[in-house]
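Taking it in order: structure first as structure tokens, then the write-up.
Proteins come first, then strands; the chains are lettered A, B, ... in the order of their sequence lines, and each starts at number 1.
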There are 2 protein chains.
Amino acid sequence: METTTQAGSPAQPRAPLSKERVLSAAVALADEGGVDALSMRKIAQALGVVPMALYKHVANKNELLDGMIDVLVGEIDPPAGNTDWKTAIRRRVLSARRMLLRHTWATEVIESRMKARATPTPAVMEYLDSMIGIFRAGGFSVDLVHHAMHVMGSRLLGFSQELFEDSSGREPDPDAMPPEEMAARFPHITELAMAVAHDPDSVVGSGCDDQFEFEFALDLTLDGLERLLRRN
Amino acid sequence: METTTQAGSPAQPRAPLSKERVLSAAVALADEGGVDALSMRKIAQALGVVPMALYKHVANKNELLDGMIDVLVGEIDPPAGNTDWKTAIRRRVLSARRMLLRHTWATEVIESRMKARATPTPAVMEYLDSMIGIFRAGGFSVDLVHHAMHVMGSRLLGFSQELFEDSSGREPDPDAMPPEEMAARFPHITELAMAVAHDPDSVVGSGCDDQFEFEFALDLTLDGLERLLRRN
DNA sequence: ACCTGAACACCGTTCAAGT
DNA sequence: ACCTGAACACCGTTCAAGT
């Protein structure tokens with residue numbers, strides 16, 4: 001009802017807009033509506049600013065996305081000291097995973113920007129570098145850590161990569177296949193799905209215990225690497 | 001110079017437009033210019049047709065993308081008979097990888113559509129089902145094949161997922177870091193990069209032997225699974 | 001010198017008007 | 001009944017006109 005500035009509450013509609021404010025507004029918007037719905041115009045609107053004002057702090061949308069990735073990488077826990085390489089890597093990767101689960105759009109943006117850029121951003125480089133450092137301190141040769149980084153690739157800044165994620169709240173398929181046809185055409189999937197559904201330990205409704213599956217895969221890889229290391 | 005139909009060459013500008021023609025035109029355009037540059041309008045133009053004509057064969061752009069994925073899955077070699085599960089899986093995954101390398105935009109589209117859809121398309125389901133079938137025929141329990149599918153996840157319809165791919169032909173970074181600063185800030189990356197650069201066996205210029213790295217990671221996973229299988 | 005509105009060249013998709 | 005042009009509601013970004 002009152003458009004002029006009130007005495008008691010300065011209304012502060014004009015906090016001085018910085019790159020940080022732009023980036024965190026962008027991250028918040030992406031968290032809410034996904035990265036496809038993210039536009040320069042909407043970020044500006046959320047900040048109470050004209051669209052062109054953003055271009056004073058980021059050169060273009062790609063640079064904005066790079067900045068958003070750096071914000072995310074900053075959320076990954078720093079490496080733990082006083083442990084062996086295996087638990088240090090394990091904790092770090094699981095911390096990265098938690099970040100990825102908080103920001104569902106992260107893998108998409110990271111992957112597409114990594115593909116487009118000649119070099120990852122410094123923040124990503126720093127993260128990768130400290131990962132390599134943990135392996136090296138654990139006694140890995142340069143060659144073996146090279147392979148290890150490639151093996152870990154998809155999990156380092158990885159993907160939860162669930163093939164059959166919880167499907168509630170997604171586009172419902174108007175002409176979905178009837179269960180009988182499913183069972184006839186895809187017997188192995190059906191068998192597997194049935195086993196999962198009847199497993200009392202599995203999470204009700206969602207089917208797969210994503211966390212368990214992720215750790216299972218991670219440990220399989222880490223054990224394999226450890227075996228190679230011992231063989232030196 | 002001649003706009004009317006010639007006698008010798010019927011000019012056939014009006015092949016009757018089918019869903020298949022639309023999809024293969026879309027795949028060809030994506031192969032050329034990437035999926036970001038793909039638009040309904042450009043597909044129509046390539047087919048010599050008005051944009052709205054496409055909507056007779058695909059309901060919307062998402063359905064178009066789903067159809068394109070099916071075209072790609074159709075390019076993966078069928079499972080080989082007369083072999084053990086390990087070589088059968090290996091061949092199939094490597095065939096999928098070759099498809100992914102032919103269509104650089106594939107992983108991006110597959111990942112984003114898998115995330116959006118409640119169920120993968122039937123063609124993708126068929127592929128996954130026959131994969132599970134190979135494991136089952138190899139003696140895997142339903143439980144173990146369940147885990148195996150999760151482990152293989154990122155490689156099944158996977159990602160080449162190279163962290164440091166050949167950077168030629170990508171956006172050059174105007175303010176790239178000087179090598180000395182690189183070495184100081186990222187010692188481990190530098191060490192690794194140097195070792196790779198001085199390895200006479202590595203591919204000149206591109207740095208990493210992507211194919212070798214992919215197979216290294218794949219075999220590490222497969223060997224781990226085999227060990228679990230033997231332990232039954 | 002700084003800021004910004006209008007404009008440009010695009011999108012996917014709707015819809016009513018044409019045949 | 002079919003087909004399609006124009007239009008709608010968006011984009012990211014340029015640029016010239018305002019202060």
Sorted by chain and number, sequence neighbours left out, salt bridge (charged side-chain N to carboxylate O under 4.0 Å, His left out) with Glu181(B) holds for Arg185(B)

Per the under-4.0 Å heavy-atom filter, residues of residues 22-36 of chain A near DNA chain D come out as none

By side chain to side chain contact (heavy atoms under 4.5 Å, CB included), Lys56(B) pairs with (sequence neighbours left out) none

Sorted by chain and number, sequence neighbours left out, salt bridge (charged side-chain N to carboxylate O under 4.0 Å, His left out) with Arg90(B) holds for Glu215(B), Asp219(B)

In short, salt bridge (charged side-chain N to carboxylate O under 4.0 Å, His left out) pairs touching residues 65-78 of chain B with sequence neighbours left out are Asp66(B)-Arg113(B), Asp66(B)-Arg117(B), Glu75(B)-Arg102(B), Asp77(B)-Arg98(B)

With sequence neighbours left out, the residues meeting side chain to side chain contact (heavy atoms under 4.5 Å, CB included) with Asp36(B) are Glu108(B)

Applying side chain to side chain contact (heavy atoms under 4.5 Å, CB included) to Ser130(B) and not counting sequence neighbours gives Pro79(B), Arg92(B)

For nucleotides 5-18 of chain C, 5' to 3', base contacts (B), sugar-phosphate-only contacts (S) and non-contacts (-) with protein non-hydrogen atoms under 4.0 Å give B-B---BBBBB---

Applying ring-ring contact (aromatic ring centres under 6.0 Å, His included) to His103(A) and not counting sequence neighbours gives Trp105(A)

With both pairing distances under 3.5 angstrom for Watson-Crick or G-U wobble, and | for a partner in another strand, the correct string for DNA chain D is ||.|||||...|||||.||

By side chain to side chain contact (heavy atoms under 4.5 Å, CB included), Ala183(A) pairs with (sequence neighbours left out) Thr190(A)

Would you be so kind as to tabulate the donor-acceptor pairs closer than 3.5 Å made by side chains of residues 37-51 of chain A, with sequence neighbours excluded?
residue  : atom : partner  : partner atom : Å
Ser39(A) : OG   : Lys42(A) : N            : 3.1
Lys42(A) : NZ   : Ala37(A) : O            : 3.2

Is the CZ atom of Arg91(B) crowded by more than 12 outside heavy atoms at less than 6.0 Å? no

